[in-house]
Q: 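This is the structure I have questions about; it appears just below.
Worth knowing before you read on, the calculation uses all heavy atoms, side chains too, and leaves out hydrogens, waters and symmetry mates. Just so it is clear: chains get the letters A, B, ... in the order the sequence lines come, proteins before strands, and each one is counted from 1.
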Amino acid sequence: MSEQIQDLQLEHSKYITDLGDWTRTCSCSHLTAEDVGRDVCLMGWVQFRRDHGGLIFVDLRDREGLTQVVFSPDVAPEAHEQAGILRLEYVIAIKGRVRTRPEGMANPNLKTGEIEVVVHDWKLLNTSKTPPFAIEDRCDAGENLRLAWRFLDLRRPCMQKNLILRHRAMQAIRRFLDEDGFLEVETPFLTKSTPEGARDFLVPSRLNQGSFYALPQSPQLFKQLLMCSGFEKYFQIVRCFRDEDLRADRQPEFTQVDMELSFVNEEDVMSMAERLMQRVFKDVLGRELQLPFPRMTWDEAMRDYGVDKPDTRFGMKLVELTDAVRNSGFKLFAQAPMVKAIKVEGGESLTRKEIDAYTEFVRIYGAQGLAWIKIKSDTEWQSPIAKFLSEEERETIRTRLEAKTGDILFFQAGDPEMVNAALGNLRVHIAQKLNLIPADSFNFLWVTEFPLFEYDKEEHRYVACHHPFTSPMEGHMELMTSDPAHAKARAYDMVLNGNEVGGGSIRIHSAATQMRMFEALGFSDERAEEQFGFLFHALEFGAPPHGGIAFGLDRLIMLLAGCQSIRDVIAFPKTQKATCLLTSAPSQVSQAQLRELGIRLREAPEKKAEARADKPQA
RNA sequence: GGAACGGUAGUUAAGACGGUUAUAACGCCGGCCUGUCACGCCGGAGGCCGAGGGUUCGAGUCCCUUCCGUUCCGCCA
């Protein structure tokens, strides 16, 4: 079969010609009734072909849209006859005249549906093999196929729309920041590895064998140096690299809108960031955002939502019950470090199967189970646990959760980290399942007063929550060493519909404080000097107070475009195993290349493959 | 490092307890058709059921291993 098709394509390819002196006069989306009578030249791809024997209709597609062109034996017999060879995705140029469609033949679904172009002459600019999937929005090809044929996938109008939207957002950002006095400065991609934070992508140095560059996780240090250099307002739309596992909203290389400002405090940065978002939403979606955005401290976020990036488009807040059940006869509750609950209004109708599914869901976060109470009436509570609760406890639960007949309550008891994660994520999960999230709403939120440190159980030490250059809040300097768990940072995250879209902080600009921070993180003087000496020295020479923020551009565009994955707003994304199905990167390199770099693999790749195949079979 | 789901014509899917020649839709190829627009009608081709091994008289179906994709946990200063 494929031979047959290739023969066909080969045969057709004989008719391919160059543009010659033909010039495109307009795109495939612009012609309307006002253009009737105009002679035009369109170029594009064959989207659909409807051959009626007599008339041949072709929907011609370019990046802007579709126009129906008609090959008629009455108008141009030769052009009509030759049009028989047209197939999907053939590239053609047509010259013809715009005319209104016959009475009742307009297509209201098409922007250009009132008119058509009747072809006088046309050229075959290229043939195409039959694409492996339909080049249409409604195409339901699997993502692996789409990624392997990404250049075809990107022809689909929805993908074009996403990348056009991305472009518009980037231009809006550049315009705003330029007008606001920011300077765009590029920083190195080949830079120094710093073990704090994410895993680095390493690049071997040929001229310095045994040494490696790292690709930047972010331009953090360079932008602070630029502040020390006196540029005052910097920005960059820049690729960042982190060698960590992928998610729907995480790629190994991703784009940040990175900004840094001198002589500012939190208010200045947050206000600027809000106005930037306002501009982007105005220019890209034509939507007005109300400023300022609501704010919430990290403590409040964890208390009410269990997560540091609350989705505020719906309620169902977490309610604290730890104190109320401290002396409960129900030992599981009484002994738990934390007990919290959420209420699903009208959730009494949930089936056992649905509740079981939610129980499975919270197990992901380490929960042992999921206690629930269905409020059948004021007095009748259907629940596996209600019988363990005293009347007083019931009353507290009823009051705090404002429980009414027809509701269901879900409880979680245990370590605060687990309770918050389980209920916080269950809250969002249920809201999605039950369609409680209003469509087409954008809820921005600032989360502030983040902890300065978090305890790393593996390394048995405190590590920076944001990064080690974040300034502690006023009055929290002493806590850095005396009580690191309670030290708070001058850090802020911008949250949009439950997604972290940006984060930043006021930085440490005093060398003494920076040194203290390294002490708190358990760095020796030597190690601090070796790894961050250049920043430290810059702080010693008149560093201005400064702070900044960085936005995850891919996530922001994903939300603007209404997509579920950032892969849909990145032209050439990687799979979850960080491979590129189009180019087959990463790939093996020659021994000669490795030798030049002074690198020898511990195990030859072929041997590894063999080892896999040799594994004993059951 | 871990968990879950998926892989069957070009594509998307169906395939009851393991049992005839593995279905359907779309796409593709050929024919017909002068107003279609997801055109219509008639005909046709198209399959190593991801790969390897096992159980069995017999495997798309059961078991094991492995590869690929997706989602999530860990991880992501």
Q: Looking at A:Arg363, does any N or O in its side chain come under 4.0 Å of the phosphate oxygens OP1/OP2 on B:C73?
A: no

Q: With C1' as the reference atom in both, quote the distance from B:G7 to B:C32 in angstrom, rounded to an integer.
A: 40 Å

Q: Between B:G6 and B:U12, how far is it from one C1' atom to the other, in whole Å?
A: 13 Å

Q: Checking only heavy atoms, does the side chain of A:Asp74 share a donor-acceptor pair with the base of B:U34 at less than 3.5 Å?
A: yes

Q: Taking atom C1' in both B:A25 and B:G1, compute the distance separating them and give it to the nearest angstrom.
A: 42 Å

Q: Between B:U21 and B:G30, how far apart are the C1' atoms? Round to whole Å, please.
A: 25 Å

Q: Is there a side-chain contact between A:Arg49 and the phosphate of B:U36, meaning an N or O under 4.0 Å from OP1 or OP2?
A: no

Q: From the set B:C76, B:U71, B:G35, return the single nucleotide nearest to any side-chain atom of A:Ala248.
A: B:U71

Q: Would you say the base of B:U36 stacks on A:Phe57 (centre-to-centre below 5.5 Å, plane angle below 30°)?
A: yes

Q: Are the aromatic rings of A:Phe469 and A:Phe532 close, with centres under 6.0 Å apart?
A: yes

Q: For a quick test of reading the model: is some side-chain N or O of A:Thr575 closer than 4.0 Å to OP1 or OP2 of B:G69?
A: yes

Q: Is it the case that the base of B:G7 and the side chain of A:Asn144 share a donor-acceptor contact (distance under 3.5 Å, atom types as modelled)?
A: no

Q: Does the structure show A:His52 stacking with B:C39, if we require the centres to be closer than 5.5 Å and the planes to be within less than 30 degrees of parallel?
A: yes

Q: Among B:C75, B:U70, B:C37, find the nucleotide with the atom closest to the side chain of A:Arg50.
A: B:C37

Q: B:A4: syn or anti, with syn meaning chi within 90° of zero?
A: anti

Q: Which nucleotide wins on minimum distance to the side chain of A:Ser565, given the candidates B:C75, B:U71, B:C37?
A: B:U71

Q: Distance under 6.0 Å and angle within 45° of the ring axis: does A:Arg87 meet both against A:Tyr90?
A: no

Q: When you compare B:A14 with B:C29, how far apart are their P atoms, in angstrom units rounded to a whole number?
A: 27 Å

Q: Would you say A:Lys577 reaches B:C68's phosphate, i.e. side-chain N/O to OP1/OP2 under 4.0 Å?
A: yes

Q: Of all the nucleotides listed (B:G1, B:U12, B:C33), which has the minimum atom distance to the side chain of A:Asp140?
A: B:U12

Q: Measure from the side chain of A:Asp59, starting at C-beta and using heavy atoms only, and say which of B:G35, B:C75, B:C37 lies closest.
A: B:C37

Q: Students often mix this up, so state it plainly: with edges at 30° and 60°, are the rings of A:His429 and A:Phe361 parallel, tilted or perpendicular?
A: parallel

Q: Under the criterion salt bridge (charged side-chain N to carboxylate O under 4.0 Å, His left out), I'd like the reasoning laid out for A:Arg242 against A:Glu244: C-alpha separation, chi angles, the key distance, then a yes or no.
A: CA-CA 6 Å; A:Arg242 293 179 190 174; A:Glu244 296 292 347; over 6 Å; no

Q: With the side chain of A:Leu55 defined as its heavy atoms from C-beta on, choose the nearest nucleotide among B:C75, B:U34, B:C37.
A: B:U34

Q: If the glycosidic angle sits within 90 degrees of zero it is syn, else anti. Tell me which applies to B:C17.
A: syn

Q: Would you mind telling me which residue lines up with the more 5' stretch of RNA chain B, A:Arg555 or A:Glu116, judged by nearest nucleotide?
A: A:Glu116

Q: Determine whether a donor-acceptor pair (one donor, one acceptor, N or O, separation below 3.5 Å) exists between the side chain of A:Arg567 and the base of B:G69.
A: no

Q: Look at the side chain of A:Arg146 against the base of B:G69 and say whether a donor-acceptor pair falls under 3.5 Å; ignore hydrogens and angles.
A: no

Q: Can you tell me how far P in B:A9 sits from the matching atom in B:G46, rounded to whole Å?
A: 15 Å

Q: Please evaluate residues A:Arg490 and A:Phe450 with respect to the criterion side-chain contact (heavy atoms from CB on, under 4.5 Å), reporting the C-alpha separation (whole Å), side-chain torsions for both, the decisive distance (0.1 Å), and the verdict.
A: CA-CA 7 Å; A:Arg490 296 178 72 180; A:Phe450 273 75; over 6 Å; no

Q: Are side-chain N/O atoms of A:Thr187 and A:Gln236 paired as donor and acceptor at under 3.5 Å?
A: yes

Q: Rounded to the Å, how far apart are A:Glu360 CD and B:A4 C1'?
A: 10 Å

Q: Which one, B:G35, B:C33, B:C72, comes nearest to the side chain of A:Tyr365?
A: B:C72

Q: Once you apply a heavy-atom cut-off of 4.0 Å, does A:Pro132 come out as touching a base, just sugar-phosphate, or nothing?
A: sugar-phosphate

Q: Looking only at the side chain of A:Ile364 (C-beta and beyond, no hydrogens), which of the listed nucleotides B:C72, B:C29, B:C76 gets closest?
A: B:C72

Q: Expressed as a whole number of Å, how far does the C1' atom of B:G35 sit from that of B:A24?
A: 31 Å

Q: Out of B:C72, B:C76, B:U34, which has the shortest distance to the side chain of A:Glu244?
A: B:C76

Q: State which of B:G35, B:U34, B:C28 makes the closest approach to the side chain of A:Leu88.
A: B:C28

Q: Test for a donor-acceptor pair under 3.5 Å between the base of B:C75 and the side chain of A:Arg242, counting only N and O atoms.
A: no

Q: Check whether any side-chain nitrogen or oxygen of A:Thr579 sits under 4.0 Å from OP1 or OP2 of B:G69, and answer yes or no.
A: yes

